[in-house]
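Some notes on the structure that comes next.
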Amino acid sequence: MLIGGTVIALLALLSYMWKEAHRNEVRHLTLSFPNFPDDCPRLAIFFISDIHRRTVCAQMLETVKGKADFVLIGGDLAEKGVPAARVRENVRRLRSVAHVYFVWGNNDDEVDYPENGAVEKKCLSKTGKTM
């Protein structure tokens with residue numbers, strides 16, 4: 001009985017993790033900083049991370065187009081086995097929202113594209129930046 005319960009719990013956890021990883025939900029969060037100068041302009045950021053093997057949902061991006069000052073990819077744009085073409089397509093889609101800035105994540109280190117810096121050179125050049 002213990003083994004069966006453990007297997008069921010593990011399957012439930014994996015199911016939840018898969019569902020969360022593939023959910024395309026835009027959450028709006030407003031941050032205010034009382035010590036910022038009054039003349040500091042408002043800034044709208046579209047933050048996305050942990051894309052991994054997914055393709056960024058065009059429908060989701062339509063909800064934020066024209067509303068973000070820039071896009072921040074918070075790492076894990078890819079992982080081992082993700083084709084460079086998918087990474088380029090995801091960045092192209094994100095650039096349709098606004099300029100893209102990118103911070104490397106731990107899974108991005110797994111990527112072994114034929115040319116060094118493929119993500120940086122081909123995907124983020126001209127309209128995107130790395131940090």
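This structure is a prediction, so every number in the text was calculated from the model and none was measured. Numbering starts at 1 and runs along the sequence shown.
- Between Pro34 and Ser32, the shortest heavy-atom distance links the atoms CD-O, 3.8 Å.
- With hydrogens and angles ignored, the 3.5 Å screen pairs no side-chain donor or acceptor of Lys65 with any backbone N or O of Leu61.
- Between His52 and Asn107, some side-chain heavy-atom pair lies under the 4.5 Å cut-off.
- For the atom pair SG of Cys57 and CD of Glu25, the computed distance is 12.5 Å after rounding to the nearest 0.5 Å.
- With hydrogens and angles ignored, the 3.5 Å screen pairs no side-chain donor or acceptor of Arg93 with any backbone N or O of Arg88.
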Q.
Applying salt bridge (charged side-chain N to carboxylate O under 4.0 Å, His left out) to Glu89 and Arg86, what does each step give before you reach the verdict?
A. CA-CA 5 Å; Glu89 176 61 17; Arg86 183 178 305 151; over 6 Å; no
(Q) Is there a ring pair (Phe, Tyr, Trp, His ring centres under 6.0 Å) between Phe70 and Phe46? Walk through the geometry before answering. (A) CA-CA 6 Å; Phe70 67 89; Phe46 177 64; over 10 Å; no
Q. Under the side chain to side chain contact (heavy atoms under 4.5 Å, CB included) criterion, do Met60 and Val26 qualify, and how do the steps go?
A. CA-CA 7 Å; Met60 176 187 62; Val26 175; 3.5 Å; yes
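- Looking at Arg53, its side chain never comes within 3.5 Å of a backbone N or O of Ala78 through a donor-acceptor pair.
- How far CG of Asp109 is from CD of Glu79: 12.5 Å, rounded to the nearest 0.5 Å.
- Each of Asp76, Val82, Ile73 was scored for a side chain to side chain contact (heavy atoms under 4.5 Å, CB included) with Asp108, with one residue passing: Asp76.
- Cluster membership for Tyr101 and Leu43, using ILVMFWY side-chain heavy atoms within less than 4.5 angstrom, is shared.
- Under the side chain to side chain contact (heavy atoms under 4.5 Å, CB included) rule, Leu72 has a single partner from Val100, Ile45, Leu94, which is Ile45.
- Taking the six-membered ring where tryptophan is involved, the planes of Phe36 and Phe33 are essentially parallel, since the angle between them stays under 30° and well short of 60°.
- Other residues, nucleotides and ligands place no more than 12 heavy atoms under 6.0 Å from the CD atom of Gln59.
- Between the Asp69 side chain and the Ala98 main chain, no donor and acceptor come within less than 3.5 Å of each other.
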